[in-house]
Every structure is written in structure tokens, then in C-alpha cells.
Amino acid sequence: MPQDLLAVTGLSKSYPLPGGGRHQAADNVTFTVQPGGAIGIVGESGSGKTTVARMLVGLARQDSGTVTVNDRPREARTPRKRTARLARAREIQMVFQDPYLSLDPRLTSTQCLSTALALHGRDEKLAAGLLDQVGLGAREAGARPRELSGGQRQRLAIARALAVDPQVLVLDEAVAALDVSIQAQILQLLGEIRRDTGVALVFVSHDLAVVQHITDEVLVMRRGKVVEQGPTERVLAAPENPYTTLLLASVPREGWNPQDAISAP
């Protein structure tokens, strides 16, 4: 069996509540991803899936548990030394739901990628190839974020993440704000990138229909806990947990009855 690229073991995180006590946002989350693999983390709002994504990249510090990349533990605390921070960034990169907020509005697409490449000691001339890889042409190369469509901005955000040459790409609701046709294009793009580069994907989404098209494994979360996980095809075809069944019932399709999607207590 291939060695696991990403291994997450017992990851937990809680936050203090205003009136006292603590909210358990993630509780003992465990999963692995192999090189070139893709796992989906799904659940409704408040399930804890975004908390897990933030802990993976270091935007939130776990209370307990470990994250390793190629058997190398990622410290919960961000390293102080610049070289160590850059090395950490090359392990895992994140693409957010709204790329506009994470893109510098002053920089053109080419400048955005050149800056990321230079920061990590890579040839700035690679920017053109990255733009081509994500389907952006000469016009988009000279455009600033406000001059790009939502789908083009998301492609640019993916290209900037790839500029670091990461081993793992975490995508937090990365297609949720896009219309269906653009979603399909981005999902196809991610599949091609995964095949061509061997980067592993962690795809965080509330949409099981989207996860079905991009992942091998799926992890279903509810109220901070993993209630079901396994091969995507099996989980979506024959869910074992009632909550997973409810999530599937909430996906509109031919003959869909909204009454089937009433939330579990």
C-alpha cells in the first residue's frame, strides 16, 4: 500500500462560550490521504468541517491530536523562522470560498503568481505556465482581481496555491459561490491537477453532489463528530448513518421532496 501523505489523528478543538462552558467544534477527527488522493469533509453549517480545515493549515491551533505530512509532524504553533514558515507553507495550501478577499487587489494575475513564486525561491517565469494550467489566458494574466469573474478569480487562487508547489491542497467550499456550469469547470480542473501533479486534495463542502465528483473518500461530520466515513461511492450509495441519509435527501434532484430533508433532532 502507498504511504499516507497526510495523516490526521485525534484532532480536537473547542471554543469558550460567552455564558461559560465550551463548544466542541471538532472531536477526535481522524483520517488519512494518500499521494494524489482526495477526501471530502461534508456536513451542514456548524458541523466542524471548516474548523478541521483551519487546523490543517495552521489558522487554528488544535487542543489535541496530530497532523503529519509525509510522516513529519506539523507543529500546532507557527514557526518563527522564515525558512521554517515557508517549508510549512509548502506542505499544505488552502483555497477559500471567496478568493477575492485573499487576493491582493493591486496585483495583476501574473504579478500575484510571480510574488508567490519568488517568495518560495522558484522561477518567476513559471507564472505563465501556472496560468495556462488553470485555464487563464493573456487577457486574464494582465487583469486585477476586480476585472475577473468569480470563476476566474477562483482559478487564480488555485494557481497561486500551486505556485508554492504544495503536497496537500485544502479547498474550503471552493465552488459554493459559483454557478453550476463554472462549478463543473473548476471540479474538472481540480481533477486534472490532481492527476498531473500528485497533489492530495481535502475538499470541504456542504454539498454531497459536488463531493461525489471529486473525492475517493468522504468523511461526514455532525456537531463536531465524525458520524460516518468511507469510500465516497459506498457512503453516498448506501449510507449507514441516518444523518448522512438526511444530507443526501437534501440534494435537489428529479422527483425531490423537500419534506425528506427535515433536519435530524
Side-chain angles (χ1 to χ4, degrees), residues 4-15 23-69 74 91-98 154 158 161 166-177 183 186-187 190-191 193-194 199-236 239-241 243-248 250-251 264:
D4 293 326
L5 172 58
L6 173 67
V8 176
T9 305
L11 210 58
S12 298
K13 177 69 177 178
S14 65
Y15 294 98
H23 168 65
Q24 194 70 39
D27 187 2
N28 196 31
V29 177
T30 297
F31 63 89
T32 60
V33 189
Q34 294 181 353
I39 189 168
I41 303 179
V42 301
E44 61 191 343
S45 178
S47 64
K49 59 187 186 297
T50 292
T51 297
V52 172
R54 290 174 62 83
M55 286 189 286
L56 292 181
V57 296
L59 293 176
R61 187 184 305 174
Q62 66 262 36
D63 299 331
S64 60
T66 60
V67 178
T68 64
V69 178
R74 281 172 65 84
E91 291 177 343
I92 302 178
Q93 281 286 299
M94 188 168 184
V95 177
F96 298 90
Q97 177 177 350
D98 185 357
Q154 197 61 283
I158 293 170
Q167 298 177 68
V168 181
L169 196 58
V170 177
L171 302 113
D172 186 11
E173 299 283 10
V175 299
Q183 280 188 7
I186 297 296
L187 292 175
L190 290 170
I193 289 170
R194 172 188 168 196
V199 67
L201 304 180
V202 178
F203 202 91
V204 179
S205 178
H206 69 282
D207 192 337
L208 284 170
V210 167
V211 168
Q212 181 179 12
H213 293 289
I214 193 65
T215 65
D216 309 310
E217 302 276 329
V218 65
L219 181 152
V220 182
M221 293 190 66
R222 183 176 186 232
R223 296 176 182 173
K225 292 182 178 292
V226 177
V227 297
E228 185 164 3
Q229 66 186 104
T232 303
E233 186 176 356
R234 195 278 300 164
V235 170
L236 299 190
E240 297 175 354
N241 188 277
Y243 178 67
T244 309
T245 302
L246 282 169
L247 286 181
L248 286 166
S250 70
V251 179

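FYI, side chains are in, hydrogens and waters are out, and symmetry mates aren't considered; it's all heavy atoms of this structure.
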Worksheet entry | Side chains of D63 and S14, donor plus acceptor under 3.5 Å | yes
Discussion item. Distance alone, cut at 3.5 Å: any donor-acceptor contact between the side chains of T50 and D172?
Written reply: yes
Heavy-atom check, side chain of [X] versus side chain of [Y], under 4.5 Å:
X: L11; Y: V67; result: yes
X: E217; Y: F31; result: no
X: R223; Y: Q24; result: no
X: V220; Y: V226; result: no
X: Q154; Y: F96; result: no
X: I158; Y: I193; result: yes
X: V199; Y: V168; result: no
X: V57; Y: Q93; result: no

Can you name the nearest heavy-atom pair linking [X] to [Y], along with the distance?
X: A25; Y: T51; result: CB-OG1, 3.7 Å
X: A26; Y: V52; result: CB-CG2, 4.2 Å
X: V33; Y: A38; result: CG1-N, 4.0 Å
X: T215; Y: G40; result: CG2-N, 3.4 Å
X: A161; Y: P166; result: O-CD, 3.2 Å
X: G65; Y: Q62; result: O-NE2, 3.4 Å

Worksheet entry | Intermediate values then yes/no, side-chain contact (heavy atoms from CB on, under 4.5 Å), V42 and H206 | CA-CA 5 Å; V42 301; H206 69 282; over 6 Å; no
How long is the span from the [atom1] atom in [X] to the [atom2] atom in [Y], to the nearest 0.5 Å?
X: M221; Y: I41; atom1: CE; atom2: CD1; value: 7.5 Å
X: Q167; Y: E91; atom1: CD; atom2: CD; value: 6.0 Å
X: H213; Y: Q183; atom1: NE2; atom2: CD; value: 9.5 Å
X: L5; Y: T32; atom1: CG; atom2: OG1; value: 10.0 Å
X: L169; Y: L190; atom1: CG; atom2: CG; value: 7.0 Å
X: M94; Y: I92; atom1: CE; atom2: CD1; value: 10.5 Å

Worksheet item: T30 and T9: side-chain hydrogen bond (donor to acceptor under 3.5 Å, both in side chains), yes or no, with the steps?
Response: CA-CA 4 Å; T30 297; T9 305; 5.3 Å; no
Checking the side chain of [X] only, and the main-chain atoms of [Y] only, is there a donor and an acceptor separated by less than 3.5 Å?
X: D4; Y: L6; answer: no
X: K225; Y: G48; answer: no
X: K13; Y: R61; answer: yes

Worksheet entry | Ion pair E228/R234, N-O distance below 4.0 Å |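 Looking at E228 and R234, the cut-off is met.
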Worksheet item: With a 4.0 Å cut-off, would you call D216 and R194 a salt bridge?
Response: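 Between R194 and D216 there is a salt bridge, with a charged N closer than 4.0 Å to a carboxylate O.
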Discussion item. Could you walk me through whether L171 and L201 satisfy the side-chain contact (heavy atoms from CB on, under 4.5 Å) test, starting with their C-alpha distance in whole Å, then the side-chain angles of each, then the deciding distance to 0.1 Å, before giving a yes or no?
Written reply: CA-CA 7 Å; L171 302 113; L201 304 180; 4.0 Å; yes
Discussion item. Would V175 and V210 count as a side-chain contact (heavy atoms from CB on, under 4.5 Å) here? Give the steps.
Written reply: CA-CA 9 Å; V175 299; V210 167; 3.9 Å; yes
Fill in: V95/F203 under side-chain contact (heavy atoms from CB on, under 4.5 Å): CA gap, chis, key distance, verdict
CA-CA 10 Å; V95 177; F203 202 91; over 6 Å; no
